[in-house]
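So the structure is just underneath, and the comments pick up after that.
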Amino acid sequence: MTIDTSHGAQGERERVLIFDTTLRDGEQCPGASMTFEEKLQVAEVLDDMGVDIIEAGFPIASQGDFESVQEIARRAKNAVIAGLSRADFRDIDRCAEAVRVARRPRIHTFISTSPIHMKHKLQMEPEAVLQAVIDSVTRARSHVDDVEWSAEDGTRTEFEFLCRCVEAAIKAGATTINIPDTVGYTTPEEYTHLFRSVREAVPNSDKAVFSVHCHNDLGMAVANSLAGVKGGARQIECTINGIGERAGNAALEEIVMAIKTRNDVLPYVTGIQSTMLMRASRLVAAVTSFPVQYNKAIVGRNAFAHESGIHQDGMLKHTQTYEIMTPESVGVKQTSLVMGKHSGRHAFAEKLKELGYSLGDNAFQDAFRRFKDLADRKKLVYDEDIEALIDEEIGAAHDRFKVVALTVIAGTGGPQKATLTLDFDGRQVTRESTGNGPVDAIFNAIKALVPHSAKLALYQVQAVTEGTDAQAEVSVRLEQDGREFTGRGADPDTLVASARAYAHALSKLMAKQDRLHSQHSRATPA
Ligand code: KIV
Ligand code: ZN
């Protein structure tokens, strides 16, 4: 299936497709791994937000990846669902199996085309690579009509060879051609020129949509992406919050708002509902525990804050003195006091709807109980508090360990002591431990209850809102055998949030071990 990128009802502004790869290139970076449920949650928000193509994962990578791509494909309402595959028939067939159930499936297949990658990574001659391009695209087209081909390390590929590969891929049936800046090396002028020249030199270039895919190693990913569009590309590959390999990918929210705000010089239009950008950003930050830097464009905490007296004075006289877009246009509401301890079920359900959540009955009851508990302890409950609470609740819904009770003795006297009760597969177990500080004591208690050898790779605390009674949002990352698992917890008590975050990360780690174990026993004949 092809997607219309013509002028259509948008007048002179050409439609640019947004291809989100948060769940593939984003999730691939160390520490950003998400659970099955978290991936479904992110995909749902991307679909609702108007993303044209969601790259849901790399199905051959693991059974877990396969299942999440397949479930996202099954659930997607509007978006094309793409899976990634190398130029290998087993990869492509597995990918086809995963995306087949989508209303609009896509196979995205790639191979390196630069001299350095062909020689050292693939150890293949250029002619063999060219043949692999033809074979892989042909194979993918035997499964689906919508096939994207990528020239990995495209910006460091010899021009003539790149053109031969692009022409061959289109001839074999590729409907989208992606020329990635895999190593974040190009510059805007260079990237514009590359797209113009390739489109001019390749005789069948009008039969495919061209795509940009930029990494941010030199901090130019967004500028390069927009420059590629100037050169004729009509699909942009990007991620929420710019997460991705090394310095990350081009940030979706920056691309969308640049096009919207500077439409005078960027005469394009996307299908993204920009008021959902903040929601998507918060969700991805929460499930990956990759915090958004305070001064990050569009979605950073300070992106719309005006601190200096001169700026505040200007803003009071006319908002456009210092504001090029409104906070509301990206989904930042003026901090709103939502509800207090007297708010009932109905008001809470309405608030969840307004914030974009739809919970099942049981999840709603649990969330409402936690909201009441929070409202009892915290004077002012803000939207951000509810979002932190629900995001944690959804993420931890399938956890094997849950924190039931925690008492901590802290202070100057030492040693600090924690008494922790966990619900462990439906059974309650309690342990008392000491440590070098209260957090260490809590983590030692968890280790005593659930022995494991994972190392603590990250412990991070952030306040959800302002004030000393603000909720703490804690992220914990555990590392074992080269794999990383991130958990988060939110509570006005930082120590309770810490215990929840650790239990959440450990539950993910154990779930992964169980899956590997059952895969192994299935693969090993009795
Ligand atoms: O950066 C890259 O080259 C990629 C390809 C697989 C598209 O992510
Ligand atoms: Zn990439």
Side-chain angles (χ1 to χ4, degrees), residues 17-30 32-33 52-61 65 69 80-88 91-92 94-95 98-99 106-118 120-122 129 132-133 136-137 140 146-157 161-162 165-166 169 174-186 190-191 194-195 198 208-222 224-225 228 233 235-252 255 288 290:
L17 302 171
I18 297 294
F19 175 115
D20 180 278
T21 182
T22 304
L23 295 169
R24 200 278 298 169
D25 225 351
E27 211 246 354
Q28 212 166 292
C29 70
S33 68
D52 297 288
I53 303 106
I54 298 173
E55 185 161 57
F58 193 3
I60 196 84
D65 258 54
V69 174
V80 170
I81 301 302
L84 185 70
S85 57
R86 287 166 299 194
D88 175 292
D91 264 43
I92 295 169
R94 188 77 173 139
C95 181
V99 297
R106 173 181 292 189
I107 295 176
H108 177 192
T109 182
F110 74 99
I111 192 165
S112 294
T113 50
S114 66
I116 189 166
H117 275 223
M118 289 192 292
H120 298 288
K121 183 179 121 170
L122 299 176
V129 169
V133 173
S136 56
V137 173
D146 186 342
V147 171
E148 172 169 339
W149 177 74
S150 286
E152 191 184 7
D153 206 15
T155 51
R156 294 194 300 170
T157 296
F161 185 64
L162 180 62
C165 289
V166 169
T175 44
T176 301
I177 296 292
N178 181 34
I179 308 179
D181 184 29
T182 305
V183 290
Y185 181 72
T186 200
E190 214 174 66
Y191 210 41
L194 179 64
F195 277 90
V198 172
V209 173
F210 277 74
S211 175
V212 297
H213 177 115
C214 298
H215 282 268
N216 205 29
D217 300 66
L218 293 172
M220 291 192 281
V222 170
N224 285 338
S225 301
Q235 174 180 288
I236 303 179
E237 307 198 355
C238 44
T239 60
I240 301 291
N241 296 338
I243 64 165
E245 289 279 12
R246 309 179 309 278
N249 290 56
L252 181 148
I255 284 165
T288 58
F290 268 45

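Quick note: numbers below take in every heavy atom, side chains included, and nothing from hydrogens, waters or symmetry partners. Remember, it's 1-based here, ligands and their atoms both numbered in the order they're listed. Bear in mind that the values here come from a model prediction, so they are computed numbers and not experimental data.
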Chi angles and distances behind the side chain to side chain contact (heavy atoms under 4.5 Å, CB included) call for N178, F19
CA-CA 11 Å; N178 181 34; F19 175 115; over 6 Å; no
What's the atom name of the N, O or S in H213 nearest to the Zn ion (ligand 2)?
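Nearest N/O/S atom: NE2.
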Identified side chain to side chain donor-acceptor pair (under 3.5 Å) partner of E237 from the options S225, S150, S211:
S211
With no hydrogens and no angle check, do the side chains of N249 and T239 hold a donor and an acceptor under 3.5 Å apart?
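Their side chains do not contain a donor-acceptor pair, so the 3.5 Å distance test is not met.
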So, T157 versus T113: side-chain donor-acceptor pair below 3.5 Å or not?
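Yes, side-chain donor-acceptor contact under 3.5 Å.
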Angle subtended at the Zn ion (ligand 2) by OD2 of D25 and NE2 of H215, nearest 10°:
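Answer comes to 100°, rounded to 10°.
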E237 N/O/S atom closer than 2.8 Å to the Zn ion (ligand 2)
no
Heavy-atom pairs closer than 4.0 Å: do any link ligand 1 to the side chain of D25, the backbone, both, or neither?
side chain
Checking heavy atoms under 4.0 Å, the part of R24 that sits near ligand 1 is side chain
To which protein heavy atom is atom 3 (O) of ligand 1 closest, and what is the distance rounded to 0.1 Å?
T182 OG1, 2.7 Å
Got an N/O contact under 3.5 Å between H215 and ligand 1?
yes
Less than 3.5 Å between some nitrogen or oxygen of H213 and one of ligand 1, yes or no?
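There is such a contact, yes.
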L252 pairs by side-chain contact (heavy atoms from CB on, under 4.5 Å) with which of T22, V222, I240, I236?
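Testing each of T22, V222, I240, I236 against L252, the sole residue satisfying side-chain contact (heavy atoms from CB on, under 4.5 Å) is I240.
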How many angstroms lie between atom CG of L162 and atom CG of L194, to the nearest 0.5 angstrom?
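Output value for this atom pair is 6.0 Å.
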Which of the atoms in ligand 1, numbered in the order shown and given with their element, are less than 4.0 Å from a heavy-atom of E152?
3 (O)
Parallel under 30°, tilted from 30 to 60°, perpendicular over 60°: which one fits the rings of H213 and H215?
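The rings of H213 and H215 sit tilted, inter-plane angle from 30° to 60°.
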Can E237 be said to touch ligand 1, with heavy atoms closer than 4.0 Å?
no
